[in-house]
There are 2 protein chains.
Amino acid sequence: MKKTVLVFGLLIIALLILFNISKRTYLSGDTSIEIIIGIIALVFFFIGVYINKRSLHKEIPKPITVNHDKIKELNISNREYEVLCEIAKGLSNQEIAAKLFVSESTIKTHVSSILVKLNAKRRTQAIQISKELHLLPF
Amino acid sequence: MKKTVLVFGLLIIALLILFNISKRTYLSGDTSIEIIIGIIALVFFFIGVYINKRSLHKEIPKPITVNHDKIKELNISNREYEVLCEIAKGLSNQEIAAKLFVSESTIKTHVSSILVKLNAKRRTQAIQISKELHLLPF
DNA sequence: AGAATTTTGGTACTTTAGTATGAGTGAAAT
DNA sequence: ATTTCACTCATACTAAAGTACCAAAATTCT
């Protein structure tokens with residue numbers, strides 16, 4: 001915020017200076033007004049480039065994209081997807097069961113069908129595959 | 001490349017048009033030269049912003065950053081790091097052993113010490129933690 | 001309402017993961 | 001030269017993960 005104010009202040013000052021230069025040149029009878037305009041155009045062009053670069057640098061890092069279509073395509077149900085997310089967070093079956101208020105048996109059932117649907121042999125592989133397919137929001 | 005040429009062509013045309021306008025205004029005795037200069041400055045300022053945005057949009061997606069300092073800080077050895085990477089790829093201990101030409105016992109030893117150093121209870125948690133700490137190149 | 005699907009849960013079993021402990025080897029540092 | 005450390009491997013064990021098979025509720029769809 002402070003930087004923005006500073007930059008715009010400098011911009012106004014630059015504009016005033018250029019005004020004065022152009023006025024003095026105009027009064028002194030120098031007719032090369034095109035050159036002055038060209039310089040002004042160039043200077044403000046680069047000012048534009050600079051400011052834009054500054055503002056873009058501190059922008060949104062990632063617009064998290066979850067591939068919902070792929071999830072449907074693989075016939076992964078809502079509950080299974082929830083379990084998949086918890087697996088990716090590094091939780092054990094027991095912990096997932098506690099978090100989702102169901103038995104560990106249920107989680108095992110879900111995990112097994114997830115592995116089949118993702119064509120994975122292990123939960124770690126399921127994590128890798130689901131990240132590759134952008135199924136996870138992180 | 002074609003776009004760049006096009007944009008610069010348009011820039012030159014714009015510049016010429018502005019020259020003509022300013023000249024005509026000058027010749028017609030209108031003394032509001034400052035306004036014209038201001039308009040030119042503004043126009044080129046936004047042209048600069050626009051071009052910069054264009055060029056930045058198709059930039060490097062990610063400059064993969066591995067936090068080597070953190071790896072050293074956690075006392076993770078070279079071999080352990082190799083194993084960690086394979087874990088993150090979803091391989092089993094047996095598969096890692098085959099890939100690195102050592103016994104499964106050795107891998108188990110490495111995995112155990114990795115878990116201790118990363119303060120993880122499971123390999124899936126180790127994956128999550130090491131991603132959070134940017135220890136992995138993917 | 002009836003059918004289909006999802007979600008839930010159980011038992012019994014196999015496989016993989018992880019711990020604990022001990023130990024041999026080679027390379028590098030002191 | 002001896003100590004330190006990374007790497008290796010083994011055995012024995014416990015814990016967790018995963019499979020197979022079945023089946024009852026709960027939801028959703030028609």
Side-chain angles (χ1 to χ4, degrees), chain A residues 66-133 135-136, chain B residues 66-133 135-136:
Chain A
V66 176
N67 194 341
H68 295 283
D69 299 324
K70 196 76 193 175
I71 296 171
K72 280 182 186 171
E73 196 185 316
L74 293 169
N75 287 312
I76 294 173
S77 72
N78 286 8
R79 204 57 164 167
E80 283 164 2
Y81 181 67
E82 281 185 83
V83 173
L84 177 60
C85 289
E86 301 305 326
I87 288 174
K89 286 176 190 165
L91 301 192
S92 68
N93 289 339
Q94 211 173 52
E95 288 170 336
I96 298 171
K99 196 168 182 179
L100 301 185
F101 304 106
V102 292
S103 77
E104 198 187 331
S105 285
T106 306
I107 301 301
K108 282 189 177 186
T109 306
H110 288 318
V111 171
S112 280
S113 55
I114 289 170
L115 294 183
V116 171
K117 289 172 182 180
L118 287 179
N119 196 27
K121 289 175 192 163
R122 284 161 294 283
R123 49 168 58 209
T124 51
Q125 203 181 0
I127 294 173
Q128 196 268 328
I129 291 170
S130 56
K131 289 211 176 180
E132 221 166 47
L133 299 178
L135 305 186
L136 301 171
Chain B
V66 176
N67 195 342
H68 295 283
D69 300 324
K70 196 75 194 175
I71 295 171
K72 281 182 186 172
E73 195 185 316
L74 293 169
N75 288 313
I76 294 173
S77 73
N78 287 8
R79 204 56 165 169
E80 284 164 0
Y81 182 69
E82 283 184 81
V83 173
L84 178 58
C85 289
E86 301 306 325
I87 288 174
K89 286 176 191 165
L91 301 192
S92 68
N93 290 340
Q94 212 172 50
E95 289 169 337
I96 298 171
K99 196 167 181 181
L100 301 184
F101 304 107
V102 292
S103 79
E104 198 188 330
S105 286
T106 306
I107 300 302
K108 281 189 178 186
T109 307
H110 287 319
V111 172
S112 279
S113 55
I114 288 170
L115 293 183
V116 170
K117 289 172 183 179
L118 287 179
N119 195 26
K121 289 177 192 162
R122 284 163 294 283
R123 49 169 58 211
T124 50
Q125 203 182 359
I127 294 173
Q128 196 267 327
I129 291 170
S130 56
K131 289 212 176 180
E132 222 166 46
L133 298 178
L135 305 185
L136 301 171

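Letters A, B, ... mirror the listed sequences (proteins, then strands); counts begin at 1. Computed from heavy atoms alone, side chains included, the values below leave out hydrogens, waters and symmetry copies.
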Do B:Leu136 and B:Leu84 come within less than 4.5 Å of each other through their side chains, counting heavy atoms only? yes
Axis-to-axis angle between the two ends of the helix from C:dA1-D:dT30 to C:dT30-D:dA1 (five base pairs per end, rounded to 10 degrees): 60°
Rounded to the nearest 0.5 Å, how far apart are CD1 of A:Ile76 and CD1 of A:Ile114? 7.0 Å
Audit row: A:Val111, A:Ile96, side chain to side chain contact (heavy atoms under 4.5 Å, CB included) steps and yes/no: CA-CA 11 Å; A:Val111 171; A:Ile96 298 171; 5.6 Å; no
Expressed in angstrom and rounded to an integer, what is the separation of B:Gln125 atom CD from D:dA17 atom C1'? 16 Å
Interatomic distance, B:Lys72 NZ vs D:dA6 C1' [rounded to whole Å]: 16 Å
Residues forming a side chain to side chain contact (heavy atoms under 4.5 Å, CB included) with B:Glu132, sequence neighbours excluded: B:Gln128
With salt bridge (Lys or Arg N to Asp or Glu O under 4.0 Å) as the rule and sequence neighbours excluded, what pairs involving residues 71-85 of chain B come up? B:Lys70-B:Glu73, B:Arg79-B:Glu82, B:Glu80-B:Lys117
Indicate yes or no: at least one non-hydrogen side-chain atom of B:Val83 is less than 4.5 angstrom from one of B:Leu100. yes
Starting at CG of A:Leu115, measure out to NE2 of A:His110 and round the result to the nearest 0.5 Å. 13.0 Å
Numerically ordered, the residues 101-124 of chain A set in heavy-atom contact under 4.0 Å with DNA chain C is A:Val102, A:Ser103, A:Ser105, A:Thr106, A:Thr109, A:His110, A:Arg122
Quick one: does B:Leu133's side chain get under 4.5 Å of B:Asn67's, heavy atoms only? no
Using heavy atoms and a sub-4.0 Å distance, could you list which residues of residues 90-98 of chain A are near DNA chain D? By number, please. A:Ser92, A:Asn93
Spacing of CG belonging to A:Asn119 relative to CD belonging to A:Gln125, to within rounding of 0.5 Å: 7.5 Å
With rounding to the nearest 0.5 Å, note down the distance linking CG in A:Leu74 to OG in A:Ser130. 10.5 Å
So, using salt bridge (charged side-chain N to carboxylate O under 4.0 Å, His left out) as the criterion, who are the partners of B:Lys89 when residues are at least two apart? B:Glu86
With sequence neighbours excluded, what pairs up with B:Ser92 under the side chain to side chain contact (heavy atoms under 4.5 Å, CB included) test? A:Arg122, B:Gln94, B:Glu95
Can you give me the closest heavy-atom contact between B:Ile71 and B:Tyr81, atom names plus distance? CD1-CE1, 3.5 Å
Near DNA chain D, counting only heavy atoms under 4.0 Å, which residues of residues 74-83 of chain B show up? B:Ser77, B:Asn78, B:Arg79
First and last nt of DNA chain C near chain B, cut-off under 4.0 Å to heavy atoms, 5' to 3', are C:dA17 to C:dT19
Residue set satisfying side chain to side chain contact (heavy atoms under 4.5 Å, CB included) with A:Ser103, at least two apart, ordered chain then number -> A:Ser105, A:Thr106
Rounded to the nearest 0.5 Å, the OG1 atom of A:Thr124 sits from the CG atom of B:Leu91 at a distance of 7.5 Å
Length of the CG-P vector between B:Leu84 and D:dC7, whole Å: 13 Å
